[in-house]
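Letters A, B, ... mirror the listed sequences (proteins, then strands); counts begin at 1.
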There are 2 protein chains.
Amino acid sequence: MVTINPNSPVDEDLVKDKETAFAEFIQRRGLKTTRQRNTIISTFFRLKGHISVEELLVEVKKANPRIGYATVYRTLHLLVESGLVEERRFGDGLARYEGHSAVEHHDHMICLECGMISEFYNPRLEALQEHLAEENNFEIYRHRLELYGACKDKAACDTRKKQKEARAQGA
Amino acid sequence: MVTINPNSPVDEDLVKDKETAFAEFIQRRGLKTTRQRNTIISTFFRLKGHISVEELLVEVKKANPRIGYATVYRTLHLLVESGLVEERRFGDGLARYEGHSAVEHHDHMICLECGMISEFYNPRLEALQEHLAEENNFEIYRHRLELYGACKDKAACDTRKKQKEARAQGA
DNA sequence: TCGGTAATGAAAACAGTTTTCGTAATCCAA
DNA sequence: TTGGATTACGAAAACTGTTTTCATTACCGA
Ligand SMILES: [Mn+2]
Ligand SMILES: [Mn+2]
Ligand SMILES: [Zn+2]
Ligand SMILES: [Zn+2]
């Protein structure tokens, strides 16, 4: 059970690894290295959590205001194709992206009050899914499990909720 | 484990129950009974599976070609609010709706080859989710679990795939 | 450095859905 | 039963998130 802490320091070594891996992917595909792509991925891998295109663009523009959202979309697609990033959709109508998480494959719990997203992984759950697929003569490629609900710790939840509202106001 | 059979006969009594329940919902909310809404819900509850707005509109127009998609959207929202229908999104970008299913709450297996959607329900899986939420001090309101993959029965899968392509061609 | 290829950014297009707005239908009170 | 406030309808416009287009610029191997 892991909740992302947006205030934890960036692991610079991990960021470098990701940047290198992406550069190799670009090479392998015969694509070109560009200033914009470097800015975008470097920005992306320094962010934590489940980042929307909008959120990423705002940060990217701080480094280079001339970068447009078409390039951000295109670069995110490349990141997904490279396997370094996964796309998520939690039902609010917009795509979110996550790179290095605390755990590799994982599922999500989403608080509908404060927006908190916790990640979890449980081998018994995974095994049970496999078992059910087997029973149904079905082969699983991937799955998504999302638990929607609310934090039981109302105080902490409310604090996060207010922080979020303040941030939305400021934007 | 239940796969919807689109050729099974319509349960007329069940359809009537749903129609009555919707009429009561409309009353309760102080809304008006209309020819269009009646046509739409009666058409919807006679269809099987996970129906897109487009699919429903096509059928509705057979009964009354003057009904537009705005009314179909609006009526589907009412059906969802009434609790008689659930909205699903399986990642192909469009909303699908399901009314009376073989099982009440259930999760889905989706074949990426032929589009087949199987429904399943497993109490151990549900209990395990509850247990994990408990551990994380989280209260679940609802969840979604979708297994994406492929049928192991390649012959049956291929037949469905071809039927689907033929239908798409004809439309 | 040249030249072919790939990438960029602004704007237009797109898909699914929601809203608007003028007209028509519903239904309750009189 | 009808008048009239209220709700619903349908066509079209608007909206949202995303993708594509197209003219221009940047990359990079020869
Ligand atoms: Mn995650
Ligand atoms: Mn279903
Ligand atoms: Zn919360
Ligand atoms: Zn299949």
Side-chain angles (χ1 to χ4, degrees), chain A residues 22-44 50-58 60-82 85-97 168 171, chain B residues 22-44 50-58 60-82 85-97 168 171:
Chain A
F22 186 68
E24 280 164 6
F25 168 78
I26 289 293
Q27 293 279 35
R28 222 178 308 129
R29 287 268 283 248
L31 305 177
K32 290 173 181 171
T33 302
T34 70
R35 200 173 294 285
Q36 291 91 331
R37 295 218 266 237
N38 287 340
T39 300
I40 292 166
I41 69 157
S42 155
T43 304
F44 178 79
H50 302 84
I51 306 298
S52 70
V53 175
E54 181 73 28
E55 285 164 357
L56 179 55
L57 182 61
V58 166
V60 162
K61 276 188 179 295
K62 290 179 186 170
N64 178 355
R66 304 209 39 202
I67 294 177
Y69 60 101
T71 304
V72 170
Y73 272 108
R74 288 189 277 231
T75 305
L76 282 169
H77 291 331
L78 288 174
L79 282 167
V80 170
E81 283 177 58
S82 76
V85 163
E86 280 190 85
E87 182 178 310
R88 307 281 185 191
R89 284 173 184 274
F90 295 131
D92 60 355
L94 41 93
R96 295 181 174 279
Y97 297 85
Chain B
F22 186 68
E24 280 164 6
F25 168 79
I26 289 291
Q27 293 278 35
R28 224 177 308 129
R29 287 268 286 248
L31 304 177
K32 289 173 182 172
T33 301
T34 71
R35 201 173 296 284
Q36 291 92 331
R37 296 218 266 238
N38 286 340
T39 300
I40 292 166
I41 70 156
S42 154
T43 303
F44 178 79
H50 303 83
I51 306 297
S52 69
V53 175
E54 182 73 31
E55 285 165 356
L56 178 56
L57 182 61
V58 167
V60 162
K61 276 188 178 296
K62 289 180 185 169
N64 179 355
R66 305 209 38 201
I67 293 176
Y69 61 102
T71 303
V72 171
Y73 272 108
R74 288 189 278 231
T75 304
L76 282 168
H77 291 331
L78 288 174
L79 283 167
V80 170
E81 284 178 58
S82 77
V85 163
E86 279 189 86
E87 182 178 309
R88 307 280 185 192
R89 284 173 185 275
F90 295 131
D92 59 354
L94 41 92
R96 296 182 173 279
Y97 297 86

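Between the CD atom of Gln36(B) and the P atom of dA11(D) there is a distance of 11 Å, rounded to whole Å. Separating the OH atom of Tyr73(A) from the P atom of dG17(D) is a distance of 8 Å, rounded to the nearest angstrom. Atom CD of Glu81(A) is separated from atom P of dT19(D) by 11 Å (rounded to the nearest Å). Remark: P of dC9(D) and CG of Leu57(B) are 14 Å apart, rounded to the nearest angstrom. Between Arg37(B) atom CZ and dT7(D) atom C1' the separation is 8 Å, expressed in whole Å. At whole-Å resolution of the value, CZ in Arg35(A) and P in dC28(D) are 11 Å apart. Atom-to-atom, CZ of Arg96(A) to P of dT16(D) comes out at 17 Å; the value is rounded to the nearest Å. For Tyr69(B) and dA13(D), the OH to P distance is 11 Å, given to the nearest whole Å.
For the pair His50(A)/Phe90(A), a side-chain contact is recorded, criterion being any heavy-atom separation below 4.5 Å from C-beta on. Within the 4.5 Å cutoff, side-chain heavy atoms of Phe25(B) are placed close to those of Glu81(B).
Between Ala95(B) and Ala70(A), the residue anchored nearer the 5' end of DNA chain C, judged by the nucleotide with its closest heavy atom, is Ala70(A). Projected onto DNA chain D by closest heavy-atom contact, Lys32(A) and Gly93(A) fall at different nucleotides, the more 5' of which corresponds to Gly93(A). Along DNA chain D, the nucleotide closest to Pro65(B) and the one closest to Leu31(B) are compared, and the more 5′ of them pairs with Leu31(B).
In plain terms, the two heavy atoms of Ile41(B) and Thr75(B) that are nearest each other are CG2-CG2, 3.8 Å. Shortest non-hydrogen contact noted between Thr39(A) and Ala63(A) is CG2-CB, 3.7 Å. Contact record, Ala95(A) with Arg89(A): CB-NH2, 3.6 Å, taken as the closest heavy-atom pair. Looking at every heavy atom in both residues, Leu56(A) comes nearest to Thr43(A) through CD1-CG2, 4.0 Å.
Across all strands shown, Arg89(A) has heavy atoms under 4.0 Å from sugar-phosphate atoms exclusively, and none from any base. Within 4.0 Å of Arg66(B), counting heavy atoms only, lie sugar-phosphate atoms of the nucleic acid but no base atom.
Around CD of Glu87(A), the count of heavy atoms belonging to other residues, nucleotides or ligands within 6.0 Å exceeds 12.
The span of DNA chain C lying next to chain B, judged by atoms under 4.0 Å from heavy atoms, is bounded 5' to 3' by dG16(C) to dC27(C).
Between Thr34(B) and dT7(D) there is no side-chain polar atom (N or O) within less than 4.0 angstrom of OP1 or OP2. Side-chain nitrogen and oxygen atoms of Thr71(B) include at least one within less than 4.0 Å of the OP1 or OP2 phosphate oxygen of dG10(D).
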